[in-house]
Amino acid sequence: MRDKFIIVENGDVKLRELTDSDLVKLSEYANNEKVSVNLRDAFPKPYTLKDAENFKKMIDLQSPKTFFAIEFQGEYVGNISLSVRDDVYRKSAEIGYFVGEPFWNKGIATKAVSLITDWGFKSLDIIRIHTGVFEFNKSSQRVLEKCGYIKEAVFKKSVCKNNKIYDEIRYAKIKE
Ligand SMILES: CC(C)(COP(=O)(O)OP(=O)(O)OC[C@H]1O[C@@H](n2cnc3c(N)ncnc32)[C@H](O)[C@@H]1OP(=O)(O)O)[C@@H](O)C(=O)NCCC(=O)NCCS
């Protein structure tokens, strides 16, 4: 098998292409209510191996590639992506990420978000990276703040998740 293609790294955290050997772990870590509750309903629930395979097929077709695996100490632990927008928003990208629960609170997402943000501003024709975080997701808000993302707005009662209504906190970082 050829080497896993590494995009960027910082110590024990690497962003690299997703490989077939990650898919069992992807389906295991993604099939967790504590993960999916923080994500849009398009994220499959339950999350099966077939969902992981379909996800890989989708990202294998991407050019340029902007969806990556997060590796920690040599082990697959989660995913991170930039989705470049179109039309008048074409200089913006939305960031998305998750880390498997066994690896939470080790600083992994903070390193991964910093890495993909710097990479995105260097490698893609974008000047803004943004995302929306559900109001109860304090961990992700903290990650974005640690990475220099600015809280720009609260979209009041904009999210309906599990039949409950929540605010969404919008964060963005502008290319320096
Ligand atoms: C959000 C997520 C990516 C964070 O990953 P992680 O690797 O644990 O993040 P880090 O360890 O880099 O940082 C977490 C920070 O949040 C803090 N935190 C964790 N739980 C918290 C809580 N309930 N309240 C306040 N802060 C909290 C941690 O203490 C840490 O901050 P610190 O370094 O100042 O102590 C991970 O929990 C996850 O995948 N969640 C599900 C999917 C998701 O939310 N994706 C993002 C959608 S916007």
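One-based numbering, in listed order, for ligands and for the atoms of each.
Across all their heavy atoms, Y76 and R16 have their closest contact at CB-NH2, 3.8 Å. Taking all atoms of both residues into account, the shortest heavy-atom contact from R170 to G132 is CD-CA, 3.7 Å. Of all heavy-atom pairs spanning S36 and K45, the tightest one is OG-CD, 3.7 Å.
Under the 6.0 Å cut-off for aromatic ring centres, Y47 and Y29 do not qualify, their centroids lying 6.0 Å or more apart.
With a 4.5 Å cut-off on side-chain heavy atoms, R85 and R90 do not count as touching. Contact check for L23 versus L18: side-chain heavy atoms found under the 4.5 Å cut-off.
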May I have the step-by-step check of side chain to side chain donor-acceptor pair (under 3.5 Å) for T110 and K146, ending in yes or no?
CA-CA 7 Å; T110 302; K146 283 197 290 178; 3.1 Å; yes

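The F98 neighbourhood of ligand 1 comprises atoms 39 (O), 42 (C), with distances under 4.0 Å to a heavy atom of that residue. Proximity to K138 (heavy-atom distance under 4.0 Å) selects the following atoms of ligand 1: 22 (C), 24 (N), 25 (C). Set against the non-hydrogen atoms of K106, the atoms of ligand 1 under 4.0 Å away are 11 (O). Of all the atoms in ligand 1, the ones that sit under 4.0 Å from a non-hydrogen atom of T110 are 10 (P), 12 (O), 13 (O). Within ligand 1, counting atoms from 1 as listed, the ones closer than 4.0 Å to a heavy atom of L39 are 45 (N), 47 (C).
What sits closest to atom 37 (O) of ligand 1 on the protein, heavy atoms only, is W104 CE2, 3.3 Å. When only non-hydrogen protein atoms are considered, atom 48 (S) of ligand 1 lies nearest to S140 OG, 3.3 Å. Closest protein heavy atom to atom 5 (O) of ligand 1: A109 CB, 3.2 Å. Closest protein heavy atom to atom 15 (C) of ligand 1: R142 CG, 3.6 Å. Among protein heavy atoms, the minimum distance from atom 11 (O) of ligand 1 is reached at G107 N, 2.8 Å.
Between the D22 side chain and the T19 main chain, a donor and an acceptor come within less than 3.5 Å of each other.
In this structure, of G96, C147, S139, S114, the residue bringing a heavy atom nearest to atom 2 (C) of ligand 1 is S139. Closest heavy-atom approach to atom 45 (N) of ligand 1 within the set F136, Y171, Y97: this belongs to Y97. The residue from V35, V99, V13, N32 that puts a heavy atom closest to atom 39 (O) of ligand 1 is V99. For atom 44 (O) of ligand 1, the candidate residues are V113, N105, N137; the nearest heavy-atom contact is made by N137.
Within the structure, ligand 1 has K146 among the residues with a heavy atom less than 4.0 angstrom away.
The line from CD of Q141 to CZ of F136 is 10.0 Å long, rounded to the nearest 0.5 Å.
Contacts between V143 and ligand 1 below 4.0 angstrom, taking non-hydrogen atoms only, involve the side chain exclusively. If you look at F134 next to ligand 1, there are no close heavy atoms at all, none under 4.0 Å.
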N/O donor to acceptor pairs below 3.5 angstrom from side-chain atoms of residues 52-60, sequence neighbours left out:
from, atom 1, to, atom 2, distance (Å)
N54, ND2, K50, O, 3.4
K56, NZ, D20, OD1, 3.4
K56, NZ, D60, OD2, 2.9

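When L144, D167, N38, V159 are each tested for a side chain to side chain contact (heavy atoms under 4.5 Å, CB included) with V133, only one passes: L144.
Under the 4.0 Å distance rule, the nearest protein heavy atom to atom 35 (O) of ligand 1 falls outside the cut-off.
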